[in-house]
Every structure is written in structure tokens, then in C-alpha cells.
Amino acid sequence: MSLSFHERVVEALRKGKRLTIATIVDTVGSTPRKEGARMAVLEGGELIDSIGGGALEALVVEDARSLILSGGSRVKEYLLKEGNEPECTGMICGGRVRVHLQVELPPERLLIFGAGHVGAALAALTPALGFATTVLDDRAEFLEASRFPRQVQLQRMGPGFSGDLPPVDSSTYVAIVTRCHRTDLEALRRVLGTSPGYIGLIGSRRKVRLIVERLRREGISESRLSGLRAPIGIPIGACTPEEIAVSIAGEMIQVRRGVVVCSASLPIGLIQSAERHRKRDS
């Protein structure tokens with residue numbers, strides 16, 4: 001198997017694309033390719049390599065794209081002959097092919113707004129934790145490649161964090177750790193228009209409260225604000241940028257694993273709900 005196949009698969013995954021790897025695991029009789037031949041089918045239908053083309057490949061592509069929606073893996077047999085059975089390819093080779101289909105998902109995407117001390121420390125940790133990390137800042141001098149691991153993507157933003165954002169979906173994590181409350185607010189405004197699985201905002205409780213109150217006055221809905229985790233990170237008494245980065249990474253792992261934690265680290269909506277219950281019961 002060529003190195004370029006694996007490199008192209010890794011590149012697609014790093015770009016956030018889902019795919020299925022189809023590998024021929026057994027053949028009987030006359031077949032276009034033999035055991036070990038493989039290809040990758042991206043969710044949009046793009047192919048990396050080939051298992052022989054023709055009707056067989058078309059059916060495998062169809063099954064591979066369907067499997068992307070459900071995930072997991074399966075082994076399917078295809079008959080290289082004409083017939084009405086679902087596994088028949090309409091080919092006349094007369095052989096039989098068994099194909100292993102394995103869905104591969106991209107690493108969860110992490111967007112770090114702010115390339116200062118905390119942002120750089122967090123970016124140093126997260127690639128090893130399985131996050132495809134992108135650091136965004138509006139200051140070119142803070143986006144020097146030498147400050148970050150090779151795997152980390154760097155993106156220069158315009159004033160007020162204007163400009164195109166990387167794709168954001170429910171598997172995206174967002175950490176807002178910019179240089180001041182004004183730029184934190186600007187970044188948060190951008191992100192609240194999307195639907196990430198995690199949004200964390202750095203700052204004291206007073207700063208967080210003032211920012212949230214301002215966003216409410218601007219008409220940001222409670223449903224948008226309720227998932228905000230602020231102050232960001234789990235409470236471990238962190239002081240240095242490196243310790244704060246560990247705190248943030250720990251909270252993201254809790255979210256990834258679905259761990260229920262104490263109220264100090266819950267989203268704002270759940271904290272407010274708990275406070276209302278305490279007042280009612282007291």
C-alpha cells in the first residue's frame with residue numbers, strides 16, 4: 001500500500017472530512033483487484049485510490065457513503081455476476097469479493113481564540129489529546145509558527161475577529177482566551193452565531209457576568225448563552241498559563257466523555273438553574 005494513500009487520508013481527516021476505508025479482504029475467482037486493495041470514500045463522494053472501478057466500485061461507494069451516516073464497520077460480499085440479488089454487481093467476471101468497510105471520523109476540532117500565553121499553552125497540549133487545533137488571532141506577530149506545535153493550524157483574523165471562521169459544528173470545541181474583555185466579547189459574539197459542542201470563556205466571575213449581561217441587552221437569546229462555560233476550565237486553583245491550559249483541557253475531556261461535574265464547572269444555564277433552586281429551597 002502506497003504511502004501517498006495514507007497521507008491523503010490523513011490530510012482529509014485533518015480537514016474535518018468523514019470517510020470510509022474500503023478494503024478487499026477476500027476474493028474468489030476472477031476479480032478486478034485482489035486482497036489488500038483499498039480505497040477511501042469521502043462523505044462528498046470523492047475517492048482516494050480505487051478497488052477496480054466499474055459496477056463493483058460503484059456499489060462499494062454507495063455502501064461506504066451510507067455507512068458514514070451510521071458509523072462503525074461491516075463486511076459485505078459482492079457477486080461479480082448478473083442477477084436480481086442485492087449483492088450482484090451486473091458484472092460478468094463471475095468471481096466473488098468480500099470488502100471490509102470502516103468509517104473513520106476526523107479528530108474533534110478545537111478553535112482557540114487568542115494566541116497569547118494561555119492560548120499557546122493550550123495549543124501545546126491539545127494535539128496529543130486528539131484535538132485538531134486551530135489558533136485564531138488578529139495579531140500577526142503572535143501567530144509565529146515557532147510558538148506552536150507543527151500540527152496546529154494558525155489563522156489570522158481581521159479587526160474584531162472579523163473574517164471567515166473555520167467550520168463549526170456540534171463536534172467543535174471553542175476556547176476564548178484573548179488578550180482583554182473587549183476582544184473576548186468580540187470573539188464570543190462570532191461564536192454564538194454557530195453551534196459548537198463546547199464554548200468556554202476565560203475571566204473572573206464578575207467579568208463573565210458583565211459580558212453575559214451585555215449580550216442579553218444586545219438581544220442574544222438565553223438558549224445561546226446557556227451552554228457557555230465560564231469561567232473556563234475546571235477549578236484546580238490554576239495560576240500560570242500552563243496550569244490554566246491543563247484546567248481547560250480537563251474540562252474539554254469531561255465534556256467529551258460526558259462526565260457530570262460539580263456546579264463550578266457547569267454551563268451558565270445549569271448554574272443559574274441550580275442557584276434558583278437553592279434560593280427557592282432556602
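Since we're looking at a predicted model, the values are computed, not measured.
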Could you state whether L201 and I244 fall into the same hydrophobic cluster, counting links through intermediate Ile, Leu, Val, Met, Phe, Trp or Tyr residues with side-chain heavy atoms under 4.5 angstrom apart? no
Heavy-atom pair with the smallest gap, counting every atom of L122 and M252: CD1-CE, 4.3 Å
Are the side chain of Q102 and the backbone of T23 linked by a donor-acceptor contact shorter than 3.5 Å? no
Counting heavy atoms not belonging to H100, are there more than 12 under 6.0 Å from its NE2? yes
So, the side chain of R156 versus the backbone of D138: is there a donor-acceptor pair under 3.5 Å, distance only? yes
Cluster question for you: counting only ILVMFWY and a side-chain heavy-atom cut-off of under 4.5 Å, with indirect links fine, are L111 and L228 together? yes
What I want to find out is whether D63 reaches R74 closely enough, with some N-O distance under 4.0 Å, to be called a salt bridge. no
Enclosure of R98 CZ (heavy-atom neighbours >12, cutoff 6.0 Å): no
Quick check: closest heavy atoms across R205 and P231, and the distance to 0.1 Å? NH1-CD, 3.7 Å
Answer yes if the side chains of S50 and E57 hold a donor-acceptor pair under 3.5 Å, and no otherwise. yes
Closest contact, heavy atoms only, P127 versus Q151: CB-NE2, 4.1 Å
Identify whether V177 and L129 are in the same connected component of the hydrophobic contact network (ILVMFWY, side-chain heavy atoms under 4.5 Å). yes
Charged tip of R190 within 45° of F113 ring normal and under 6.0 Å: no
Between R214 and E218, is there a side-chain N and carboxylate O pair less than 4.0 Å apart? yes
Within the supplied structure, the quantity of interest is the number of heavy atoms (other residues, nucleotides, ligands) at a distance under 6.0 Å from R256 CZ; does it exceed 12? yes
From CA spacing to verdict: side chain to side chain contact (heavy atoms under 4.5 Å, CB included), E35, T27: CA-CA 7 Å; E35 291 90 339; T27 64; 3.5 Å; yes
In a check of side-chain contact (heavy atoms from CB on, under 4.5 Å) between I202 and each of T178, V208, I176, I232, which one passes? I232
